[in-house]
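All chains are named by letter (A, B, ...) in the order of the sequence lines, taking the proteins before the strands, and each is independently numbered beginning at 1.
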Amino acid sequence: MAYDYEKSIRPGKLPHIWCPGCGHGIVMKGLIRAMDSCNLDREKTSIVSGIGCASRLPGYMDACTLHTAHGRAAAFATGVKMANPDMTVIVCGGDGDGTAIGGNHFIHACRRNIDMTYVIMNNYIYGMTGGQFSPCTPTGHKASTTPYGNPDPIFDISKLAIGSGATFVARTTAFHATQIDKLIAEGIKHKGMAVIEVLDDCPTTYGRRNKFRSVVDMMKRLKEVAVPVQAAAKMTAEQLEGKVLTGVLYKEDKPEYCEMYQKVIERAQGSAS
Amino acid sequence: MAKKVALIQGNEACAHAAIYAGCKFFGGYPITPSTEVAEVMSIELPKVGGKFIQMEDEIAAMASVIGAALTGVKALTATSGPGVSLKQELIGYACIAETPCVIVNVMRGGPSTGMPTGPGQSDVMQARWGTHGDHAAIALVPASCQEIFSETVRAFNLAEKFRMPVQVLFDEIVGHMRERVEFPEPGELEVIDRTAPNVPPAEYKPYDASKGDVPPLASFGSGYKFHVTGLNKAADGFPTTKAELVDAEERRQISKVTDHVDEIEKNEEYMTEDAEVVIWAYGSTARSARYAVNELRKSGIKAGLFRPLTLWPFPEKRTAALAKQAKAIVVAEMNLGQMIYEVERVAKGACNVVGEFRVDGEPINPGQIMDKVKEVL
């Protein structure tokens, strides 16, 4: 289907900075479609990011965009949403930005269940700084700072989000392009903290060090490891070894943070009068 | 009708002043000796429809303040030395993104955890240079609870007027001192709001220097879509590495303060007209110094007090003039010498500049200052 992406992109801001084969552009397309399907008023939408390749996304989008400091996107976004709850707040960023330096802000935004949609592009690596390992680099894999193989265990971002209190958690991959916009749209519509983890690929700094000979190899791997949650329910532990569950992993209705604070305002004003 | 009067702490006066100035957002993280600012804000803000949030750490607190400020509200955080150290990167962000906000620093000793319940004036240089890169700084140093009220309101005004972070520094003594504070009536103190753009959204550029040194700032959610970044940027807010654009932006952001020092500077002088010795002191130390001046005058010594309320930008003109007039300047401060270097810099050897320092958690008392004055004469 023909789709007019340009109306959502700032005039004159393309081409983007991402390397050939990078999945971030696929995620941006998904985000644009999701925002459109939710009929978001872009004047009342704030897209917030930290630092890194993925965090350059807001600059291309025609909205109220905020490119912050490394790791701090969720904390800036909390200020935006809290001060003006009428805004739709979307956070975009990578795995290193969101779960290493920004790990504390990420889990606390989940805990508060503040109404924002956090799209986290997990490409297992620090791309912009040249391929150092992140909390999501698979154990044993190579990065510029793990030349003998990564000794660190990984974070499972989606489990981290669920454990921290996010009330909508979904995962997909850059291969499953049409699922990206559906899940982001569901996250936007969800009242509360929505985390959409997109397993992504970085051919330049991760792939070439880990024997993915081409972008196609990386995409094939994303296709192969993904198992929809519905299908996984019928699979054995053995069959699920090395696989990653995709789809909506968790959904719950719980009071949202700004609404909770509105009650604080009402109590304070009631006691004052 | 009589004005509202209360016997309150400096920290409490600070919070009430923020509300008076129209503050609608507080993002904080608890740290002694600043906690009462947050506690009073948590009570008062929701009463006026404002928002209080206790964030997960100091950095998050500063981030939330900048995010809130970009939606058009006046935003405050309050902390103490180690908290400011953590906030430093984002104070720089507020500088480059030209986001109005106020940071209160109730100073204690240091470095590191230092003396959390003891007073200090250890962050006066941190307030000037406490982020990376070149940037302007405005920092105010009140010395009484009443003055904390008026200077906090002034801090918000300066933040809004110059589109930048402004720090209010007071030492623990003033922060925790209880004094009679007269609450000004609405309208009694000037309250300034940032300038909003008057161009259609499509034409708006958040850093358009053709609109003046301080370009108007639109609010997220008000119909204006624009980009904010911590990268060096062009007039439209988008990143640039073009040498001439980066250079012009950096210089404008500094000159918007250095070209308006007269509007920002505020000092108090006491018996300096004929002073042979000038005591240069700020915050609670200046209260001891004023007492010392009175005692010294009784014994025939021509002493005077110079007390900056605006510490940054540094009061260069008056300090230089006093250096030419006096035989000596005694700089009294609760650190082992920070502002003395600035006094020496502008005195240029015109007079003897000596320091009276203390870092043991005890206030600098008038006797110490008097002894030092007698020693240098």
Rounded to the nearest 0.5 Å, what separation is found between the CG atom of L66(A) and the NE2 atom of H227(B)?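 So the gap between those two atoms works out to 8.5 Å.
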Restricting to non-hydrogen atoms, name the atom on [X] and the atom on [Y] that form the minimum distance, rounded to 0.1 Å.
| X | Y | answer |
| --- | --- | --- |
| T65(A) | F220(B) | O-CZ, 3.5 Å |
| M82(A) | F25(B) | CG-CE1, 3.6 Å |
| G59(A) | F238(B) | O-CE2, 3.4 Å |
| I53(B) | T78(A) | CD1-CG2, 3.7 Å |
| Y224(B) | C64(A) | O-SG, 3.5 Å |
| Q269(A) | V48(B) | NE2-C, 4.0 Å |

Is it the case that atom [atom1] in [X] sees more than 12 heavy atoms from other parts of the structure closer than 6.0 Å?
| X | atom1 | answer |
| --- | --- | --- |
| K242(B) | NZ | no |
| D4(A) | CG | yes |
| K205(B) | NZ | no |
| E252(A) | CD | yes |
| K263(A) | NZ | no |
| K191(A) | NZ | yes |

I'd like to know which of [options] tops the heavy-atom pair count under 4.5 Å against chain A.
| options | answer |
| --- | --- |
| G50(B), A75(B), S222(B) | G50(B) |
| A69(B), G27(B), G49(B) | G49(B) |
| I43(B), V73(B), I66(B) | I66(B) |
| D57(B), V65(B), L45(B) | D57(B) |

Quick check on [X] against chain B: is it the side chain, the backbone, both or neither that has a heavy atom closer than 4.5 Å?
| X | result |
| --- | --- |
| D86(A) | neither |
| R112(A) | side chain |
| A69(A) | both |
| D62(A) | both |
| K81(A) | neither |

Kindly assign one of parallel, tilted or perpendicular to the pair F76(A) and Y93(B), based on the angle between their ring planes and the thresholds 30° and 60°.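 Correct class here is perpendicular.
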If you count heavy-atom pairs within less than 4.5 Å of chain B, which of [options] leads?
| options | value |
| --- | --- |
| H70(A), R72(A), R42(A) | R72(A) |
| N84(A), V264(A), T68(A) | T68(A) |
| M87(A), E266(A), Q262(A), K44(A) | M87(A) |

Tell me, do M61(A) and K225(B) make a side-chain contact under 4.5 Å, heavy atoms counted?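 A side-chain contact is absent here, since even the closest heavy-atom pair is not under 4.5 Å.
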Kindly indicate whether a cation-pi arrangement holds for K51(B) with Y261(A), taking the cut-offs as under 6.0 Å to the six-membered ring centre and within 45° of the axis.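 No - K51(B) does not lie over the ring of Y261(A) by the 6.0 Å and 45° rule.
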Side chain, backbone, both or neither: which part of E56(B) has an atom under 4.5 Å from a heavy atom of chain A? both
